[in-house]
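Quick notes on the structure that follows.
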Amino acid sequence: MKKILIILTLVIFAACSKQEKKNIIIPVDKEMQQNNIKEYIDMFISDDNIYTKNNKGEDVLSVLIFGADGCSACAAMKKSLTEKGSLSNFIKENYLPYYINISRKKSWNINGKTYNLAEIKEKFMILGTPTTVIMYGDKILLIYPGYIMQNRMLGIMEFFLDKSLYSLDKNIISEKLKEYYKAKNI
């Protein structure tokens, strides 16, 4: 009986080791990796302090992208925002951009006040990731759950350059944004 168990164990072990050999990951060429890295720019400000001492976010537009580890839509959105081109240039010129990974920290400092994850989720209505938040100073202008395509993101960013929106209610802003989508066909 012991011999049968030993033989059975060896057969299973051999089968598992053959399976592992099929799943070997081939390392990526380092030169290829470096070339890919050059195609992206690091435009996001650290999420350690959302708004720093030097820039409290007053009278400035901010875009906060809430993401999480293991979120493929978050990674794709971050990649599309940081690719060299008109969208990343536009964001860098007109916004304070933040990427906030809610998987990696337990608290965040926003304008000198510390918020834990539950408070962040409540304040910014984070039900899933990615979620995009547009703010003017401390005022939340837009909360957009889900992935946003580049052309729509650029449209949203352009839309919020209109300072007359900042004093309006969120519902009115939302209606005006829908009209803007139709007018721009995005």
Side-chain angles (χ1 to χ4, degrees), residues 22-51 57 60-110 115-136 140-161 170 173-174 176-186:
K22 290 180 185 176
N23 294 328
I24 292 175
I25 297 172
I26 300 170
V28 176
D29 179 19
K30 287 195 183 237
E31 185 177 333
M32 188 174 96
Q33 276 183 330
Q34 288 172 344
N35 289 338
N36 287 341
I37 290 169
K38 289 176 188 173
E39 293 300 313
Y40 304 102
I41 54 175
D42 184 14
M43 66 181 234
F44 291 105
I45 300 169
S46 168
D47 72 347
D48 292 335
N49 288 299
I50 299 173
Y51 307 136
V60 171
L61 281 166
S62 302
V63 57
L64 289 68
I65 310 294
F66 290 89
D69 289 342
C71 171
S72 58
C74 301
M77 191 165 161
K78 186 175 180 182
K79 180 181 175 186
S80 75
L81 293 175
T82 57
E83 286 177 331
K84 288 183 181 178
S86 59
L87 178 58
S88 64
N89 291 336
F90 187 85
I91 291 172
K92 281 184 0 180
E93 290 171 12
N94 297 290
Y95 285 81
L96 291 174
Y98 294 91
Y99 184 83
I100 298 116
N101 186 329
I102 61 173
S103 299
R104 298 206 179 162
K105 291 174 64 176
K106 294 183 180 181
S107 64
W108 292 265
N109 183 328
I110 300 175
Y115 294 88
N116 65 32
L117 183 57
E119 293 167 326
I120 285 285
K121 286 182 174 183
E122 182 181 332
K123 179 176 177 70
F124 297 108
M125 294 189 289
I126 309 297
L127 300 175
T129 57
T131 296
T132 302
V133 176
I134 306 289
M135 296 177 68
Y136 182 73
I140 297 172
L141 302 173
L142 174 76
I143 297 174
Y144 192 117
Y147 180 84
I148 305 174
M149 302 287 286
Q150 275 189 342
N151 63 339
R152 179 163 278 201
M153 181 61 111
L154 184 56
I156 291 169
M157 299 284 133
E158 290 171 345
F159 174 78
F160 281 104
L161 290 181
K170 283 186 218 176
I173 293 172
S174 179
K176 288 185 174 280
L177 183 57
K178 288 176 190 175
E179 292 169 13
Y180 184 82
Y181 289 159
K182 287 179 184 176
K184 294 285 187 173
N185 198 25
I186 54 173

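Numbers here simply count residues along the sequence, with the first being 1. The basis for the numbers below is simple: all heavy atoms, side chains too, and nothing from hydrogens, waters or symmetry mates. Since we're looking at a predicted model, the values are computed, not measured.
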Interatomic distance, [X] atom [atom1] to [Y] atom [atom2] [nearest 0.5 angstrom]:
X      : Y      : atom1 : atom2 : result
Met125 : Leu127 : CE    : CG    : 8.0 Å
Met77  : Ser72  : CE    : OG    : 13.0 Å
Ser174 : Glu179 : OG    : CD    : 10.0 Å
Leu154 : Ser86  : CG    : OG    : 5.5 Å
Thr132 : Tyr147 : OG1   : OH    : 10.5 Å
Leu161 : Glu93  : CG    : CD    : 10.5 Å

Within the 4.5 Å heavy-atom criterion, are [X] and [Y] side-chain neighbours or not?
X      : Y      : answer
Lys105 : Asn116 : no
Glu122 : Tyr115 : no
Val63  : Tyr98  : no
Tyr95  : Val60  : no
Ile156 : Ile148 : yes
Trp108 : Leu64  : no

Please report the shortest heavy-atom distance between [X] and [Y], naming the atom on each side.
X      : Y      : value
Gly67  : Cys74  : CA-SG, 3.5 Å
Ala68  : Tyr99  : N-OH, 4.1 Å
Leu61  : Asn94  : CB-O, 3.8 Å
Lys123 : Ile140 : O-CD1, 3.6 Å
Gly155 : Ile186 : CA-CD1, 3.7 Å
Phe66  : Ile102 : CD2-CG2, 3.9 Å

Decide yes or no on side chain to side chain contact (heavy atoms under 4.5 Å, CB included) for Met153 and Ile65, but give the supporting numbers first. CA-CA 12 Å; Met153 181 61 111; Ile65 310 294; 3.9 Å; yes

Verify side chain to side chain contact (heavy atoms under 4.5 Å, CB included) between Tyr136 and Ser62, making sure each step is shown before the conclusion. CA-CA 6 Å; Tyr136 182 73; Ser62 302; over 6 Å; no

Where the side chain of [X] meets the backbone of [Y], is there a donor-acceptor pair that is under 3.5 Å apart?
X      : Y     : result
Ser88  : Glu83 : yes
Ser103 : Asp69 : yes
Thr82  : Lys78 : yes

Take Phe159 and Lys176 through the side chain to side chain contact (heavy atoms under 4.5 Å, CB included) test and state the conclusion after the steps. CA-CA 9 Å; Phe159 174 78; Lys176 288 185 174 280; 3.9 Å; yes

Determine whether the side chains of Tyr144 and Arg152 contain a donor N or O and an acceptor N or O closer than 3.5 Å. yes

One pair to check against side chain to side chain contact (heavy atoms under 4.5 Å, CB included): Leu141 and Met135. What are the steps and the verdict? CA-CA 5 Å; Leu141 302 173; Met135 296 177 68; 5.9 Å; no

